[in-house]
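Not measured: the values here are computed from a predicted model. Lettering of chains follows the sequences in order, A, B, ..., and the numbering in each one begins at 1.
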Amino acid sequence: MTRSERLEQIYTIVAQIPAGRVTTYGRVAKMTDGATARMVGSAMRQLPAGHGLPWHRVINASRRVTEHGGAIDQREKLRAEGVAFDAKGRVNAELLWP
DNA sequence: CTTGTGACCAGCA
DNA sequence: ATGCTGGCCACAA
């Protein structure tokens, strides 16, 4: 597997996450062939503008939004899609996409 | 619930 | 080549 092939896999998988659902870095990584969770995070970080990918539907394994530059926007986008956060900032486990 | 530790691997200085 | 750093994860304690 080359680096760009894994990137494509990551993009393809993220693009398949339905609106109003979320998944985790590790889950995306498992669906690819050889990518690690860190690479998924790195891929999301380097996304160009206007990519059209629902990057905001990717959260961490504890069902929280990881602290980073666009975390506020991420929560807002999810909320706009109907993803509810509880008082501790966690999303409902039933919203997880396999 | 919280921390700490080890594993993972692509970039970059 | 080496060393450090990441939108992380699983598994302790």
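Remark: A:T24, A:Y25, A:G26 in residues 12-27 of chain A come within less than 4.0 Å of DNA chain C through at least one heavy atom. For residues 39-68 of chain A, proximity to DNA chain C is found at A:G41, A:M44, A:R45, A:W55, A:V58, A:N60, A:A61, A:T66, A:H68, defined as any non-hydrogen atom under 4.0 angstrom from a strand atom.
Considering only heavy atoms from C-beta on, A:P98 stays 4.5 Å or farther from A:M31 through its side chain.
No donor-acceptor distance shorter than 3.5 angstrom exists from the side chain of A:R64 to the backbone of A:G89, with no hydrogens or angles considered.
In A:E8, the CD atom is not crowded: 12 or fewer heavy atoms of neighbouring residues, nucleotides or ligands sit closer than 6.0 Å.
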>> Under the criterion side chain to side chain contact (heavy atoms under 4.5 Å, CB included), I'd like the reasoning laid out for A:W55 against A:Q74: C-alpha separation, chi angles, the key distance, then a yes or no.
In response: CA-CA 8 Å; A:W55 58 273; A:Q74 182 170 5; 3.9 Å; yes
Which donor-acceptor pairs under 3.5 Å do side chains of residues 35-52 of chain A form with protein atoms, sequence neighbours excluded?
{"residue": "A:S42", "atom": "OG", "partner": "A:Q46", "partner atom": "NE2", "Å": "3.3"}
{"residue": "A:H51", "atom": "ND1", "partner": "A:L53", "partner atom": "N", "Å": "2.9"}

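Both A:L78 and A:L96 are members of a single hydrophobic cluster when ILVMFWY side chains are connected at heavy-atom separations under 4.5 Å. In the hydrophobic cluster analysis, where Ile, Leu, Val, Met, Phe, Trp and Tyr join through side-chain heavy atoms closer than 4.5 angstrom, A:V28 is grouped together with A:W97. By the rule that hydrophobic residues join a cluster once side-chain heavy atoms approach within less than 4.5 Å of another member, A:V22 and A:Y11 end up as members of separate clusters.
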>> Let's test your reading of the pairing rules: Watson-Crick or G-U wobble, both distances under 3.5 Å, then write DNA chain B as a dot-bracket string with ( ), [ ], | and dots.
In response: .|||||..|||||
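Atoms CZ (A:R6) and C1' (C:dC8) sit 16 Å apart, rounded to a whole Å. Residue A:I72 contributes atom CD1, which lies 12 Å from atom C1' of C:dG7 at whole-angstrom precision. Here the P atom of nucleotide C:dC8 and the CE atom of A:M31 are 18 Å apart, to the nearest Å. Computed from coordinates, the A:K30 NZ to B:dC9 P distance equals 15 Å when rounded to whole Å. Between A:R3 atom CZ and B:dC12 atom C1' there is a gap of 13 Å when expressed in whole angstrom units.
Considering all non-hydrogen atoms of both residues, A:R21 and A:L95 come closest at NE-O, 3.0 Å. Between A:I59 and A:V91, the shortest heavy-atom contact is CD1-CG2, 3.7 Å.
Between B:dA7 and C:dG7, the two P atoms lie 22 Å apart (nearest whole Å).
Tested against A:V58 for a side-chain contact (heavy atoms from CB on, under 4.5 Å), the candidates A:I10, A:I13, A:I17 yield a single pass: A:I17.
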Can you pull every protein N or O that's under 3.5 Å from an N or O on nucleotides 5-8 of chain B?
none

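Taking CG of A:L7 as the reference point, atom OG1 of A:T12 lies at 10.5 Å (rounded to 0.5 Å).
For the side-chain hydrogen bond (donor to acceptor under 3.5 Å, both in side chains) condition, the pairs that include at least one residue of residues 75-94 of chain A, sequence neighbours left out, are A:H56-A:E81, A:R57-A:E81.
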